[in-house]
Amino acid sequence: MTVGHGASVTLGRHQTLQQAAQLLATHGMDAVDVVDECGGSVGRCTWRMLLWAVAHGMDRMMTVEDVLAACSIDGGTEPKEDGTEAPDAKEDSKATAELERLRRELEETHRLAETMKTVLDAAYEGVVVVDGDGVVREINRAYCQFLGIRREDAIGKHVTEVIENTRLHICVQSGIPERGYIQKIYGQPMVVHRIPIWRDGEVIGAIGMLIFQGVSEVYEIFRRLQELSREASRKEKNGTAAPKQEAATSAAVGVERIIGRHPTIAAVKQMIQRAARVPSTVFITGESGTGKEVAARAIHEAGPRADGPFVSINCAAIPEALLEAELFGYEDGAFTGARKGGKPGKFQLAHGGTLFLDEIGDMPLAMQAKMLRVLEEKKVEKVGGVSGTEVDVRIIAATNKPLEEMVRGGTFREDLFYRLNIIRIHLPPLRERKSDIPALIAHHMERLCQQYGVGGKSFSKEAMEVLIGYSWPGNIRELVNVIEWLISMVEGEKIEREHLPAYLSAIQPMAASMSYGGANIADRWKEMVYQSERERIAAALVAANGNKAEAARRLGIHRSTLYEKLKKYGF
């Protein structure tokens, strides 16, 4: 294609249909002259001609000259010389409108693609994108410069051929994100993120990000953080404030508390983020053990009241005679056995923050009426008191009971139900999102192993299939209990089917092979745990500057155990 002196645009007769469409879309033209090698006109390419070619199933790589010839043989696809239209003019008019719409969409897609490419190339961090087969589909300039390759040489190749020691293809298979992992590239340890790309409940690819080009940058950031920490410690009179702040920083907050990528749990996370922005009452439903209090804490921590207190009370665990005193507090001498000086209630303790009312469906009817009054007036009156106290509290309620049926049966007040049921979030049972089980096991296994100071454990294929095939009536609470039991009772590092609790191991293995993308789930789990432990040991050694005693202390294990693992992983 050429641009002449008068800004005229022409199309070569040997150029393809795809090039013709791109030319017309780029310049916003309806037609373009087709010329031969000497510049002589051989015809005219129009949008109608391109639409005709598409309708007749022609290949987009077909030359414009061949399309012109086929078009002239077929006849009736262009206006006649006398200006009259062919009999199918109405159909052609509709087709032209549709082609115009497609042209506009193509232009918008082209602009968006150019914008995204500019953003990727401008990024300091290295970014690579792979598809569901682990083939590189995009890589930015920063990553190419670091690897010393050209973009053209990387596109279309499997990621293992481009980046050494990568696990992006494994991330695609498992669907489990790997953030802050250490990966050796050209013998140098790098800090990387690996994030799976989900669409319609399936992993269609993954994004790899080279966060720090070498751990020296991590050392520099760590040094700055240490300086800030020392400065804050000097200003802080209370020496216990720094450890508390450090512990709070290391823990997951907000929606990060909720583990899983299943579409149903992804929708729950979106609702939590939206609900956190407003002060409305939230009503969480779901079976026992699905994590209703975890969701409530996520809402609190993601909202503007995050700095305020989060107070929880289980309405089913407190006797009816004491529930009012627990919620509203009591004055000195309000009843026999009352604490001298009285006691503030949960509403007062949660002032400026969030009050989580768990198992609200078990609240007695008499207490429901008093609760409704507090929610409407935003005042509490202590037991034995004579005046009310204003409270600023956000209410989050939860239940595993069908409150609608209880309202119809007269066991739950209708007015209180509608006062609570403003923003409703339903947590799905674990059996409806089994694809999240590997991620949940990985998260709680690592957490509990660190808590108990023991090494990680791997699962055999048969054991993992049992865990995934089980229906989990107790949901996540039951899963965590099983993991804790396994950590406590299994001596070795590998968990076999016979190590599982009897009621689990009695279940027959799943008939279908638990495979995804050609890799067995149990195998992926074993590799994931192996790699995770190895990288955590490497990170501890780097942070301790090679001091093995210090590294063992950071890992929470005995030094002799660290030596065994160093030998096992070939350090």
Side-chain angles (χ1 to χ4, degrees), residues 109-110 112-214 259-263 265-266 435-436 438-439 442 513-532 534-535 538:
T109 302
H110 179 72
L112 180 60
E114 288 297 319
T115 301
M116 293 303 298
K117 189 176 184 302
T118 302
V119 171
L120 282 175
D121 284 340
Y124 171 74
E125 296 83 1
V127 180
V128 61
V129 181
V130 301
D131 61 16
D133 297 321
V135 176
V136 176
R137 293 305 176 192
E138 189 58 71
I139 186 170
N140 71 342
R141 184 181 303 164
Y143 220 143
C144 288
Q145 290 176 348
F146 176 75
L147 296 174
I149 60 174
R150 298 186 308 164
R151 177 178 178 275
E152 296 77 13
D153 296 334
I155 300 298
K157 290 184 178 179
H158 196 270
V159 67
T160 55
E161 302 178 39
V162 179
I163 306 172
E164 65 175 324
N165 298 320
T166 182
R167 286 173 48 86
L168 266 182
H169 57 300
I170 298 175
C171 181
V172 172
Q173 295 170 1
S174 67
I176 299 176
E178 300 177 355
R179 295 183 175 90
Y181 276 57
I182 294 177
Q183 175 181 333
K184 274 194 174 182
I185 304 179
Y186 297 149
Q188 185 176 1
M190 304 291 168
V191 181
V192 300
H193 289 342
R194 306 179 187 106
I195 311 299
I197 303 172
W198 290 78
R199 179 184 295 169
D200 299 330
E202 294 184 2
V203 180
I204 62 170
I207 301 174
M209 299 181 65
L210 189 67
I211 305 302
F212 301 108
Q213 294 187 6
I259 308 300
R261 295 299 300 270
H262 190 275
I265 209 67
S435 60
D436 287 338
S513 175
M514 296 300 298
S515 61
Y516 183 81
N520 185 277
I521 288 180
D523 295 337
R524 294 203 313 273
W525 162 260
K526 179 180 178 180
E527 183 179 0
M528 179 180 64
V529 173
Y530 181 95
Q531 183 72 10
S532 175
R534 191 180 192 281
E535 291 181 352

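Looking at Arg151, Glu152, Arg150 one by one, the single match for side chain to side chain contact (heavy atoms under 4.5 Å, CB included) with Cys144 turns out to be Arg151. When each of Arg167, Glu164, Arg194 is paired with Gln183, the side-chain hydrogen bond (donor to acceptor under 3.5 Å, both in side chains) condition holds for Arg194 and for no other.
The two atoms that bring Val128 and Tyr143 nearest to each other are CG1-CE1, 3.9 Å, heavy atoms only. For the pair Ala206 and Cys171, the tightest heavy-atom approach, listed with the atom from each and the gap, is CB-SG, 4.4 Å. The shortest heavy-atom contact between Val129 and Ile197 is CG1-CD1, 4.2 Å. Closest approach of Leu168 and Val130 over heavy atoms only: CD1-CG1, 4.0 Å. Of all the heavy atoms in Val136 and Ala154, the pair that sits closest is CB-O, 3.5 Å. Scanning both residues, Gly175 and Val203, for their nearest heavy atoms gives CA-CG2, 3.8 Å.
When the side-chain hydrogen bond (donor to acceptor under 3.5 Å, both in side chains) test is applied to His169, no partner is found at least two apart in sequence or on another chain. Remark: Arg137 pairs with Asp131 by the side-chain hydrogen bond (donor to acceptor under 3.5 Å, both in side chains) rule, at least two apart or across chains. Residues that satisfy the side-chain hydrogen bond (donor to acceptor under 3.5 Å, both in side chains) test with Arg199, not counting sequence neighbours, are absent from this structure.
A distance of 8.5 Å separates CG of Leu210 from CD1 of Ile163, quoted to the nearest 0.5 Å. For the atom pair CD1 of Ile195 and CD1 of Ile176, the computed distance is 12.0 Å after rounding to the nearest 0.5 Å.
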Apply side-chain contact (heavy atoms from CB on, under 4.5 Å) to residues Ile139 and Ile155 and explain how you reach the verdict. CA-CA 7 Å; Ile139 186 170; Ile155 300 298; 4.3 Å; yes
